[in-house]
> 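Structure incoming, see below.
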Number of protein chains: 2
Amino acid sequence: MVKRKWKEIFHSFDKRPTPSRCAILEVFEEGKRHLSAEEVYEQLRRKNKKVGIATVYRNLDLLSRMGILRRVNFGDGREHYELVQPSETHHHHLVCVNCGRVIDYSELMDEEREFLDRLEKELEKKHNFRIQSHQVYFYGLCKNCQ
Amino acid sequence: MVKRKWKEIFHSFDKRPTPSRCAILEVFEEGKRHLSAEEVYEQLRRKNKKVGIATVYRNLDLLSRMGILRRVNFGDGREHYELVQPSETHHHHLVCVNCGRVIDYSELMDEEREFLDRLEKELEKKHNFRIQSHQVYFYGLCKNCQ
DNA sequence: CTAGGTGCAAAGCATTTGCACCAAG
DNA sequence: CTTGGTGCAAATGCTTTGCACCTAG
């Protein structure tokens with residue numbers, strides 16, 4: 001089931017909540033995080049949804065432009081996508097430089113948001129730049145790779 | 001001229017400071033920032049250094065693994081590289097989502113470092129993760145694109 | 001000499017595009 | 001019936017690799 005809110009977003013962009021698009025959103029709704037296009041395609045096949053890989057790419061791009069998904073890049077040579085949670089203004093990752101494992105974290109988010117908000121205001125003024133979002137990545141070794 | 005410190009790093013990795021490698025480092029030393037492989041290649045041609053593009057890729061990778069360069073990704077489909085400044089433990093960017101322009105900034109770095117250091121310690125303990133570095137990206141519209 | 005480096009061309013991958021066909025408003 | 005959406009295959013673009021040749025220690 002695709003949330004009413006999403007249908008509204010689709011219509012506000014003059015786009016249709018097609019079966020392919022809903023199926024893709026369902027994959028992310030089921031708890032899968034930061035998936036690559038190929039991984040989304042794989043999940044769809046596993047659920048017996050036949051969607052071409054080109055359609056997956058086109059819709060991941062569309063959903064990102066609509067603000068439903070967010071592109072993230074972990075330096076493994078392909079784009080990954082994750083659901084933008086309604087209450088969330090940003091989202092951060094620990095990336096293992098050895099095995100590529102990615103951990104999402106939310107520690108100290110309040111403090112972090114407070115600090116980054118202040119920094120954003122400063123940067124906007126100084127560089128005449130309108131900041132829309134930000135991403136923070138930590139790189140290192142996960143417990144298995146140390 | 002390639003700094004003595006770099007030669008030492010090369011030798012500690014059992015690699016040679018070849019003309020190609022020195023020429024690549026010189027491009028970055030001349031103030032060029034976050035260049036793609038193709039852009040490095042172009043700069044070399046402009047300086048009449050004949051280095052194959054494959055060698056550029058191989059050496060950008062090598063220099064990154066040696067910690068002399070850092071890979072950065074601005075979401076434009078290719079990797080970029082920049083010099084790691086000796087005194088610098090991290091480096092941040094404002095990326096224009098419209099034209100792709102990238103601004104480096106250094107405001108509030110002390111406060112930022114203090115905050116991020118604290119966050120890193122917390123994350124390391126909680127996730128048993130050994131953090132080596134981090135990157136912060138702000139996305140938005142530059143003054144020309146607003 | 002001998003391992004490390006390089007250039008060139010070919011190969012590899014992730015992603016995009018052209019086009020004919022399908023489907024919803 | 002007309003615009004938007006899709007599948008398929010071909011094309012693209014960045015990056016890597018195989019291999020023969022070159023070069024510094």
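Note that this is a predicted model, so its numbers are computed, not measured. Below, chains carry the letters A, B, ... as their sequence lines are ordered, and counting in each starts from 1.
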> Pairing donors with acceptors under 3.5 angstrom, does anything connect the side chains of A/Tyr81 and A/Glu79?
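No, because no side-chain N or O of A/Tyr81 sits under 3.5 Å from a partner of the opposite role on A/Glu79.
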> Can you check whether B/Arg78 has a side-chain N or O nearer than 4.0 Å to OP1 or OP2 of D/dG13?
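For D/dG13, OP1/OP2 do not have a side-chain N/O of B/Arg78 under 4.0 Å.
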> Nearest whole angstrom, please: distance from the C1' of C/dG7 to the CZ of B/Arg45.
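Checked: the CZ to C1' distance equals 13 Å.
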> Phosphate oxygens OP1/OP2 of C/dT15: is one of them under 4.0 Å from a side-chain N or O of A/Arg58?
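No, because none of the side-chain N or O atoms of A/Arg58 sits under 4.0 Å from OP1 or OP2 of C/dT15.
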> Measuring from the side chain of B/Arg16 (C-beta onward, heavy atoms only), which nucleotide among D/dT3, D/dT17, D/dT23 has the closest atom?
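Among the listed nucleotides, the one closest to the side chain of B/Arg16 is D/dT23.
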> If you measure from the Lys or Arg side-chain nitrogens to the Asp or Glu carboxylate oxygens, is any gap between A/Glu30 and A/Lys47 under 4.0 Å?
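Salt bridge: yes.
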> Charged N to carboxylate O below 4.0 Å: is that the case for A/Arg118 and A/Glu122?
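Between A/Glu122 and A/Arg118 there is no salt bridge, as every charged N stays at least 4.0 Å from the carboxylate O atoms.
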> Assuming nearest nucleotide by heavy-atom distance, tell me which of B/Glu38 and A/Ile53 is located more 5' along DNA chain D.
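Whichever sits nearer the 5' end wins; that is A/Ile53.
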> Both B/Asp76 and B/His11 contact DNA chain D. Which one's nearest nucleotide lies toward the 5' end?
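On the 5' side of the pair lies B/Asp76.
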> Nearest-Å distance, CD (B/Glu42) to P (D/dC14)?
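Rounding to the nearest Å, CD of B/Glu42 and P of D/dC14 are 12 Å apart.
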> Considering every strand and a 4.0 Å limit on heavy-atom distances, what is the contact class for A/Ser20: base, sugar-phosphate, or nothing?
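Sugar-phosphate, backbone atoms only, no base.
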> Is B/Glu79 touching bases, backbone alone, or none of the nucleic acid, heavy atoms closer than 4.0 Å?
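Sugar-phosphate only.
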> Which nucleotide wins on minimum distance to the side chain of A/Tyr57, given the candidates C/dT15, D/dT15, D/dG5?
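Of all the options, the side chain of A/Tyr57 is nearest to C/dT15.
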> Return the value, rounded to whole Å, for the distance between atom CZ of A/Phe10 and atom P of C/dG25.
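Computing the A/Phe10:CZ to C/dG25:P distance gives 13 Å.
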> Under 4.0 Å: is that the gap between some side-chain N or O of B/Lys15 and OP1 or OP2 of C/dG4?
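Negative; the distance criterion is not met.
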> Does a side-chain N or O from B/Thr18 land closer than 4.0 Å to OP1 or OP2 of C/dT6, or not?
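The answer is yes; a side-chain N or O of B/Thr18 sits under 4.0 Å from OP1 or OP2.
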> Starting at CG of A/Asn73 and ending at P of D/dT15, how long is that distance when rounded to a whole Å?
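Value for this atom pair: 11 Å.
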> How long is the line joining CG of B/Asp61 and P of C/dG4, in whole Å?
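Spelled out: CG on B/Asp61 to P on C/dG4 is 16 Å.
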> Mind checking if B/Asn59 touches a base, just sugar-phosphate, or nothing, with heavy atoms under 4.0 Å?
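Answer is sugar-phosphate: B/Asn59 comes under 4.0 Å of backbone atoms only.
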> CG of B/Leu44 versus C1' of C/dT6: gap in Å, rounded?
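Taking atom C1' of C/dT6 as the reference, CG of B/Leu44 is at 14 Å.
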> Please confirm whether the shortest side-chain N or O distance from A/Thr55 to OP1 or OP2 of D/dG7 is below 4.0 Å.
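For A/Thr55, the contact criterion (side-chain N or O under 4.0 Å from OP1 or OP2 of D/dG7) is met.
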> Could you check how far CD1 of B/Ile24 sits from C1' of C/dT6, rounded to whole Å?
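Spelled out: CD1 on B/Ile24 to C1' on C/dT6 is 11 Å.
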> Charged N to carboxylate O under 4.0 angstrom, B/Asp61 versus B/Arg65?
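Looking at B/Asp61 and B/Arg65, the cut-off is met.
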> Give a yes or no on whether B/Glu114 atom CD has more than 12 heavy-atom contacts from other residues, nucleotides or ligands under 6.0 Å away.
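Result for CD/B/Glu114: open.
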> In whole Å, what is the span from the OH atom of B/Tyr41 to the C1' atom of D/dG13?
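Roughly 16 Å, once rounded to whole Å.
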